[in-house]
Amino acid sequence: MEVSTNSAVTREVAEQAVVASPDRTEQWARATASGVFLLAAAYTFYAARGMSGGMTMPGGWTMPMMWMVMPGQSLAGAAFVFLLMWQAMMIAMMLPSSWPTLELYSRVARNTGQRWPMFNTVLAAAGYFTVWGAFGAIAFAAGFEISRAAMFSPQFSKWIPAAAGVSLVFAGVWQLTPLKQSCLQHCRDPLMFLGRAYKPGVWGGFRLGLHHGAFCAACCWALMLMQMVLGVMNLAVMTGVAAIIATEKLWKRGPLLARLVGAVSIVAGVTLLVRSI
């Protein structure tokens, strides 16, 4: 029989779970998560090398291959390839920093009498990455439409560098806002999050994952926008953004880092905007 929980009880259980020693099941879960991360990272590396080229466009910028529909390929096929690559990239970038929350949820699920705690944890991860999959679908739609417009209009293409500069400024400003800090605090405090969002039941894990993914996307969308402007499949940019995301969430001075990254993005955006006008 599952134990009925409320936020106060869940937080107490979660606090106890933090100091608990990992059992064999949890060790297997860590090993499995490590294997998934390595597979995702390997595929991301492979996909990045395959999509490293592009087309030089009016305005002096390069249109990445990922926004193009290749000869003999349908739009649906291009979208599928992009989303497969995107989801692998998200797992490689986000799993390390989201794992503490998932692992704590697994412990709380066991301590509150859930029948299938590990299955529920898998559902929580599925909910989390479902949000990032939806983010990727929006990114592909926007990138494809912008690229198609640039292909048909040289004048539109010439404004892309200026638009990229504005995007970096916009993303940088978000990094400085209290709302960014609030979303970041959600990601930095799994105890607080589980105390508010934990629900028992098979689908409780999936709903929790959706909840956590939504806050994480709100926290990190500006960093992802920076990555798309600087090179979404550039391995150096990807690694740097992943490191920033993890450091913001896990380092005690993560909120300060978020503001510093915002300031750098604003300066870079203004510089790019001035050069392109």
**Hydrophobic cluster partners of Val267 (side-chain heavy atoms under 4.5 Å)** = none
**Prompt:** Would you find more than 12 non-hydrogen atoms of other residues, nucleotides or ligands less than 6.0 Å from Trp159 atom CH2?
**Reply:** no
State, to 0.1 Å, how close [X] and [Y] come at their nearest heavy-atom pair, and which atoms those are.
{"X": "Leu184", "Y": "Ala258", "result": "CD2-CB, 4.3 Å"}
{"X": "Pro64", "Y": "Thr62", "result": "CD-O, 3.3 Å"}
{"X": "Glu103", "Y": "Arg30", "result": "OE2-NE, 2.5 Å"}

Identify whether [X] and [Y] are in the same connected component of the hydrophobic contact network (ILVMFWY, side-chain heavy atoms under 4.5 Å).
{"X": "Tyr128", "Y": "Ile138", "value": "no"}
{"X": "Val270", "Y": "Ile160", "value": "no"}
{"X": "Phe45", "Y": "Phe37", "value": "yes"}
{"X": "Ile91", "Y": "Met118", "value": "no"}
{"X": "Trp99", "Y": "Leu38", "value": "yes"}

For the pair [X] (side chain) and [Y] (backbone), establish whether a donor and an acceptor sit closer than 3.5 Å, ignoring hydrogens and angles.
{"X": "Thr177", "Y": "Trp174", "answer": "yes"}
{"X": "Thr239", "Y": "Ala236", "answer": "no"}
{"X": "Ser265", "Y": "Ala171", "answer": "no"}
{"X": "Thr121", "Y": "Pro117", "answer": "yes"}
{"X": "Thr247", "Y": "Ala243", "answer": "yes"}

**Request:** Ignoring hydrogens and angles, state whether a donor on the side chain of Arg110 or Ser106 is under 3.5 Å from an acceptor on the partner side chain.
**Result:**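 Short answer, yes.
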**Asked** If we ignore angles and hydrogens, is there a donor and acceptor under 3.5 Å between the side chains of Ser276 and Trp61?
**Response**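 On atom types as modelled, these side chains do not qualify, holding no pair under 3.5 Å.
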**Message:** Between Phe82 and Trp67, is the ring-ring contact (aromatic ring centres under 6.0 Å, His included) condition met? List the steps.
**Reply:** CA-CA 8 Å; Phe82 175 86; Trp67 308 127; 5.2 Å; yes
What class does the angle between the rings of [X] and [Y] fall in, given that below 30° is parallel, 30 to 60° is tilted and above 60° is perpendicular?
{"X": "His186", "Y": "Phe193", "result": "perpendicular"}
{"X": "Trp203", "Y": "Phe206", "result": "perpendicular"}
{"X": "Phe135", "Y": "Trp132", "result": "tilted"}

**Prompt:** Would you say Leu176 and Lys180 make side-chain contact, with heavy atoms under 4.5 Å?
**Reply:**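 Answer no - side chains too far apart.
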Rounded to the nearest 0.5 Å, how far apart are [atom1] of [X] and [atom2] of [Y]?
{"X": "Thr44", "Y": "Gln87", "atom1": "OG1", "atom2": "CD", "result": "10.0 Å"}
{"X": "Met226", "Y": "Leu168", "atom1": "CE", "atom2": "CG", "result": "7.0 Å"}
{"X": "Cys220", "Y": "Glu248", "atom1": "SG", "atom2": "CD", "result": "6.5 Å"}

